[in-house]
2 protein chains.
Amino acid sequence: MNEPPLREPTFLILTALAEEPRHGYAVVEDVLRISDGRIRLRAGTLYAALDRLRSDGLIEVDREEVVQSRLRRYYRLTALGATRLADEVDRLRRHADTAGRRLRAAGLLPEGGTA
Amino acid sequence: MNEPPLREPTFLILTALAEEPRHGYAVVEDVLRISDGRIRLRAGTLYAALDRLRSDGLIEVDREEVVQSRLRRYYRLTALGATRLADEVDRLRRHADTAGRRLRAAGLLPEGGTA
DNA sequence: CAGCATATACCGTTCACCGGCATATACGGC
DNA sequence: GCCGTATATGCCGGTGAACGGTATATGCTG
């Protein structure tokens with residue numbers, strides 16, 4: 001019952017698809033944007049993850065288009081994928097809160113940040 | 001300059017040490033508690049991570065005690081480790097906020113949760 | 001026409017984590 | 001007295017997500 005935690009690139013791929021159906025390359029662009037330029041998904045990572053998420057039932061093919069002779073395969077979140085992502089959001093929040101509270105309590109925050 | 005993201009077990013180990021210096025076994029217990037029983041650190045994961053974090057300068061040995069003929073090696077966060085953990089907290093919060101906002105906007109939240 | 005953006009796909013390598021085992025002492029139950 | 005469990009650290013083989021690079025193709029720009 002306990003799913004293994006999503007890793008960051010996978011989490012961001014699901015987040016990209018939570019906004020609207022996107023094709024692979026558009027996912028790369030969105031992930032780059034929402035991660036403040038930190039995560040530049042490699043082709044190998046992206047398509048392997050899409051296949052894996054699809055076989056796990058977290059995403060599914062929305063439609064396929066051909067634009068300028070190039071195939072675009074759009075993916076969307078499934079209900080299962082949305083549930084999974086929501087669970088991960090809760091977990092992330094709890095972990096961030098716990099760590100933030102402890103850093104503050106211990107006076108370990110380097111710059112007086114609000115973390 | 002861009003550090004690779006911390007994975008969940010590693011993040012939780014740093015969080016355990018952010019409260020107070022702890023020895024390995026105490027880290028396992030604390031991580032089990034703060035992860036709601038989800039993450040039961042394996043010995044291999046724990047001591048490998050402690051060695052890695054130490055050589056990366058994120059933690060250091062606080063002291064060593066012998067209790068009932070058993071060695072206890074206590075670790076504590078370094079200033080660098082606290083900075084790193086605070087950065088991760090910020091990143092987790094941003095990611096959780098982005099994903100939560102999108103799930104809500106898309107009406108994809110399964111249970112009307114607050115995620 | 002060279003280089004870049006778009007777009008998908010494959011493949012070898014790396015490394016954190018998993019799972020199990022080894023070692024050792026103390027304590028409680030039977 | 002012995003077995004199982006808790007405490008406590010350490011080693012080792014295997015897995016799998018992610019990395020980094022390459023292949024394939026078309027269209028746009030300099």
Side-chain angles (χ1 to χ4, degrees), chain A residues 2-17 21-33 35 37-56 58-59 61-75 84 88 95, chain B residues 2-17 21-33 35 37-56 58-59 61-75 84 88 95:
Chain A
N2 262 356
E3 307 290 343
L6 293 178
R7 300 201 21 201
E8 192 176 33
T10 305
F11 177 88
L12 292 170
I13 290 169
L14 291 184
T15 301
L17 296 179
R22 285 189 159 98
H23 58 95
Y25 200 81
V27 169
V28 174
E29 290 178 312
D30 189 55
V31 166
L32 187 64
R33 200 156 41 76
S35 68
R38 285 184 76 260
I39 309 291
R40 188 179 299 268
L41 251 28
R42 306 292 150 178
T45 303
L46 173 72
Y47 294 103
L50 290 174
D51 288 345
R52 183 168 24 90
L53 291 170
R54 192 142 66 114
S55 75
D56 289 346
L58 301 186
I59 65 174
V61 174
D62 183 71
R63 66 190 189 279
E64 292 186 349
E65 288 178 3
V66 175
V67 177
Q68 291 171 339
S69 306
R70 273 184 235 107
L71 177 67
R72 285 183 180 171
R73 186 146 46 223
Y74 287 75
Y75 296 90
R84 188 78 175 76
E88 287 289 315
H95 288 174
Chain B
N2 262 359
E3 308 291 340
L6 292 179
R7 299 197 27 197
E8 193 176 33
T10 304
F11 177 88
L12 292 170
I13 290 169
L14 290 184
T15 300
L17 297 179
R22 284 188 160 100
H23 58 95
Y25 200 81
V27 168
V28 173
E29 291 179 311
D30 189 56
V31 165
L32 187 64
R33 198 156 42 75
S35 68
R38 285 183 76 259
I39 309 290
R40 187 180 298 268
L41 250 28
R42 307 291 150 177
T45 303
L46 174 72
Y47 294 103
L50 290 175
D51 287 346
R52 183 167 25 90
L53 291 170
R54 194 144 64 116
S55 75
D56 288 347
L58 301 186
I59 65 174
V61 174
D62 183 70
R63 66 189 188 279
E64 292 186 350
E65 287 178 4
V66 176
V67 177
Q68 290 170 341
S69 305
R70 274 184 234 108
L71 176 68
R72 286 184 180 171
R73 184 146 44 226
Y74 287 74
Y75 296 90
R84 187 79 176 75
E88 288 289 315
H95 288 173

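Chain A is the first sequence line, chain B the second, and so forth, proteins listed ahead of strands; every chain is numbered from 1.
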**Asked** Is the phosphate of D:dA18, meaning OP1 or OP2, less than 4.0 Å from a side-chain N or O of A:Thr10?
**Response**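 So the side chain of A:Thr10 is within the cut-off, an N or O lying under 4.0 Å from OP1 or OP2 of D:dA18.
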
[X] has an atom [atom1]; how far is it from atom [atom2] of [N], in whole Å?
| X | N | atom1 | atom2 | result |
| --- | --- | --- | --- | --- |
| A:Ile39 | D:dA17 | CD1 | P | 17 Å |
| B:Leu12 | C:dA16 | CG | C1' | 14 Å |
| B:Leu58 | C:dA16 | CG | P | 12 Å |
| B:His23 | D:dA8 | NE2 | P | 4 Å |
| A:Arg73 | C:dA7 | CZ | P | 13 Å |
| B:Leu41 | D:dA8 | CG | C1' | 14 Å |
| B:Leu71 | C:dT25 | CG | C1' | 13 Å |
| A:Glu3 | D:dG16 | CD | C1' | 16 Å |

First locate atom [atom1] of [X], then atom [atom2] of [Y], and finally report the distance between them rounded to the nearest 0.5 Å.
| X | Y | atom1 | atom2 | result |
| --- | --- | --- | --- | --- |
| B:Asp51 | B:Ile59 | CG | CD1 | 8.0 Å |
| B:His95 | A:Ile39 | NE2 | CD1 | 6.5 Å |
| B:Leu41 | B:Tyr47 | CG | OH | 9.5 Å |

**Sub-4.0 Å heavy-atom contacts from residues 43-52 of chain B onto DNA chain D, ordered by number** =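 Within this stretch, B:Ala43, B:Gly44, B:Tyr47 sit under 4.0 Å of the strand.
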
**Asked** Heavy atoms under 4.0 Å, any strand shown: does A:Glu65 hit a base, just sugar-phosphate, or nothing?
**Response**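 No contact.
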
**Request:** Name the nucleic acid region contacted by A:Glu64, choosing base, sugar-phosphate or nothing; use a 4.0 angstrom heavy-atom cut-off, strictly under.
**Result:**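 If one applies the 4.0 Å heavy-atom cut-off, A:Glu64 turns out to touch nothing in the nucleic acid.
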
**Item:** side chain to side chain donor-acceptor pair (under 3.5 Å), paired with A:Arg73, selected from A:Glu64, A:His23, A:Glu65
**Value:**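 So, applying the side chain to side chain donor-acceptor pair (under 3.5 Å) to A:Arg73 and each of A:Glu64, A:His23, A:Glu65, only A:Glu64 qualifies.
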
Nucleotide nearest [X] (side chain, heavy atoms from C-beta), chosen from [options]:
| X | options | answer |
| --- | --- | --- |
| B:Tyr25 | C:dC17, D:dT7, D:dT26 | D:dT7 |
| A:Arg42 | D:dA18, C:dC17, D:dG20 | D:dG20 |
| B:Arg72 | C:dC17, D:dA8, D:dC19 | D:dA8 |

**Request:** Start with the C-alpha distance between A:Glu29 and A:Arg33, add both sets of side-chain angles, then the distance that settles salt bridge (charged side-chain N to carboxylate O under 4.0 Å, His left out), and finish with yes or no.
**Result:** CA-CA 6 Å; A:Glu29 290 178 312; A:Arg33 200 156 41 76; over 6 Å; no

**Prompt:** So, do A:Tyr75 and A:Val61 sit near enough that their side-chain heavy atoms are less than 4.5 Å apart?
**Reply:**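 Yes, side chains in contact.
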
**Item:** DNA chain D: 5'-proximal contact among A:Arg7 and A:Arg70 (nearest heavy atom)
**Value:**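 Going by which nucleotide is closer to the 5' end, it is A:Arg7.
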
**Asked** If only atom types and distance count, is the side chain of A:Arg72 paired as donor or acceptor with the main-chain N or O of A:Val67 below 3.5 Å?
**Response**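 Side chain of A:Arg72 to backbone of A:Val67, a donor-acceptor pair under 3.5 Å: no, none is there.
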
